[in-house]
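Atoms within each ligand, like the ligands themselves, are counted from 1 in listed order.
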Amino acid sequence: MNQAASRNVNPAPLTQWVVAKFGGTSVADFEAMNRSADVVLSNSNVRLVVLSASAGVTNLLVELAEGKESSRRIFLQDEIRRIQYAIIDKLTQPDVIREEIDRMLDNVAMLSEAASLATSHALTDELVSHGELMSTLLFVEILRQRAVAAEWFDVRKVMRTTDRFGRAEPDTSTLFDLSAQQLLPRIQNAIVVTQGFIGAEAKGRTTTLGRGGSDYTAALLGEALSLARVDIWTDVPGIYTTDPRVVPAAKRIDRIAFEEAAEMATFGAKVLHPATLLPAVRRGIPVFVGSSKDPAAGGTMVCNTTENPPLFRALALRRKQTLLTLHSLTMLHSQGFLAEVFGILARHNISVDLITTSEVSIALTLDTTGSTSSGDSLLTTSLLTELSSVCRVEVEENLALIALIGNKLSQARGVGKEVFGVLDPFNIRMICYGASSYNLCFLVPGDDANQVVQTLHKNIFE
Ligand code: ADP
Ligand code: ASP
Ligand code: MG
């Protein structure tokens, strides 16, 4: 067993050090960056800081990567410059950093022009990585202004990934070794500030871990360095019973088990990237979620166990789901139809999310978690043609997936009535219940999603 693999057996954290991750709104502008710097400096155990791009910048870069005509490109680039200059202009010594940011902005302009000639996934990742590269440069400067020893670190030196651009998978054993060599010595001497979301494949080309991937980066680095805790600082003071933007009466969950929080993230609770808890679970590292705007408000601790976990824990909502229904009379009493369909989907790099079957049909949703693609964009003409050669295909778009997360759901009585009893005004599409004891999920028309969540929340949690 190599050293990296042997470290995977859940040893106690080596240090009391903490990795703190700040999302886009926490580094949106000068004031937000300073509030986040206060959070970092209020805990001397925070030695590693992982940042997202300033709010809005990744979306602007994604649009540039789509290949825009010149006037739109100039508009988008100006927007990015405006966001970053607003921070620089408030620094006491802006000149050095302005030069570095200008170099990044020149790169963005050059890559955007290349994208307007021919787009590619590799080019997209290279372009969008500039959001995190710039926010981390600026944050180091904010810390240095406060006479704090801070060091900028390019995470691509340690975050080696596959070359699946847009949704790359990290190579954890290389990450362990490189972090031990390159990051561990640095965090002994300074607060190290690095980028979430980005990595590099074997040839050195920049990759990304999927939208919202900075949470995942923080947890991966926490695992690699055996840190004591991963702090996720965002714009809400914790994980709530559902998205507080959809249900203002949602309540904060003070402690939640890894499995429950992982289900919430998987089923759309945007507060955590779906993969965030995998590294944390592997090493048993607690994850704290709090608000950088109001750190005194406390937050949620995600950890190994919780006392008396409730039957119903939370509601999650994932929008823009696509439902494929495949009908084939030859499926009746025959063998191999499912294998054939899955073979076709696998050849098109599509993983299935939810599935239900009847004697003559299969209904399934496509897994778009963490990716920049929506379900409908995964449905290429060649995929539909291939599927149509073996069955009749129906596609329904703009559905929403609602997941009720809980404990031992499939063993409890009356769950179906409690949930669906209050949803009679709504058209429920596919229902998945029983495969996992942690969730019950179903699809509804996208336009009804908020109302369904509000109705269920009122009935179950208020
Ligand atoms: P960041 O940029 O800090 O990563 P995100 O926007 O990705 O922040 O995640 C925070 C948002 O997640 C909140 O503003 C909230 O609207 C949303 N959210 C969705 N579900 C939940 C939930 N169950 N609890 C808290 N926030 C949630
Ligand atoms: N900046 C990236 C995004 O907007 C990653 C992140 O915020 O976690 O998706
Ligand atoms: Mg996020």
Side-chain angles (χ1 to χ4, degrees), residues 20-28 32 35-36 39 50-63 65 80 83 124-125 127-136 155 159 166-168 194-199 207-220 231-254 256 260-276 287 289-294 297 299-300 302 313-319 369-372 402-405 449-450 453 457 461:
K21 176 260 169 176
F22 295 87
T25 47
S26 304
V27 290
R35 276 194 303 269
S36 297
V39 171
V50 172
L51 301 185
S52 297
S54 301
V57 169
T58 307
N59 286 349
L60 294 164
L61 290 164
V62 166
E63 194 180 337
I80 298 171
I83 295 170
T124 300
D125 280 2
L127 196 44
V128 298
S129 69
H130 284 77
E132 272 69 13
L133 293 171
M134 289 192 285
S135 66
T136 45
V155 82
M159 190 64 73
R167 204 174 168 182
T194 197
Q195 307 76 38
F197 179 53
I198 71 174
T207 55
T208 61
L209 307 181
R211 292 303 303 264
S214 301
D215 303 330
Y216 190 25
T217 305
L220 285 162
D231 287 350
I232 305 285
W233 294 100
T234 178
D235 59 357
V236 272
I239 302 180
Y240 280 62
T241 45
T242 194
D243 188 341
R245 283 184 215 215
V246 177
V247 180
K251 298 183 193 116
R252 211 231 331 267
I253 303 166
D254 292 336
I256 185 169
E260 298 170 289
E263 292 277 328
M264 287 180 74
T266 306
F267 285 104
K270 195 183 164 225
V271 65
L272 287 180
H273 178 276
T276 311
V287 175
V289 180
S291 164
S292 65
K293 274 194 194 132
D294 189 8
T300 298
V302 189
R313 180 59 101 179
L315 284 167
L317 167 62
R318 221 202 269 154
R319 299 178 202 272
T369 327
S371 130
T372 41
I402 295 185
L404 174 62
I405 317 296
N450 282 10
V453 171
H457 193 275
F461 295 103

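In this structure the side chain of Thr242 never reaches within 4.5 angstrom of the side chain of Phe461, judged on heavy atoms.
Taking each heavy atom of Ala269 and Ala316 in turn, the nearest pair found is N-CB, 4.2 Å.
In this structure, the separation between CZ on Arg313 and CD1 on Ile239 is 9.5 Å, given to the nearest 0.5 Å. Interatomic distance, Leu209 CG to Thr276 OG1, rounded to the nearest 0.5 Å: 10.0 Å.
Between Arg211 and Asn59, the side chains place a donor N or O and an acceptor N or O closer than 3.5 Å (distance only, hydrogens not considered). A donor and an acceptor atom, one from each side chain of Thr208 and Asp125, are located under 3.5 Å apart.
Sorted by chain and number, the residues within 4.0 Å of ligand 1 by heavy atom are Lys21, Gly23, Gly24, Thr234, Asp235, Val236, Gly238, Ile239, Tyr240, Thr242, Asp243, Pro244, Arg245, Met264, Ala269, Lys270, Val271.
Under the 3.5 Å distance criterion, the side-chain polar atoms of Ser291 are matched with a main-chain donor or acceptor of Asp294. Looking only at distances, no side-chain donor or acceptor of Glu132 sits under 3.5 Å from a matching main-chain atom of Ser52.
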For each nitrogen or oxygen atom of ligand 2, which protein N/O atoms lie closer than 3.5 Å, and how far apart are they, rounded to 0.1 Å?
unit_1	atom_1	unit_2	atom_2	d
ligand 2	1 (N)	Thr58	OG1	2.8
ligand 2	1 (N)	Glu132	OE2	2.6
ligand 2	4 (O)	Thr58	OG1	3.4
ligand 2	4 (O)	Arg211	NH2	3.0
ligand 2	7 (O)	Ser52	OG	3.1
ligand 2	8 (O)	Gly212	O	3.4
ligand 2	8 (O)	Gly213	N	3.4
ligand 2	8 (O)	Ser214	N	3.0
ligand 2	8 (O)	Ser214	OG	2.9
ligand 2	9 (O)	Arg211	NE	2.6
ligand 2	9 (O)	Gly212	N	2.8

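With respect to Asp235 and Lys293, no salt bridge is recorded, no charged nitrogen being found less than 4.0 Å from a carboxylate O.
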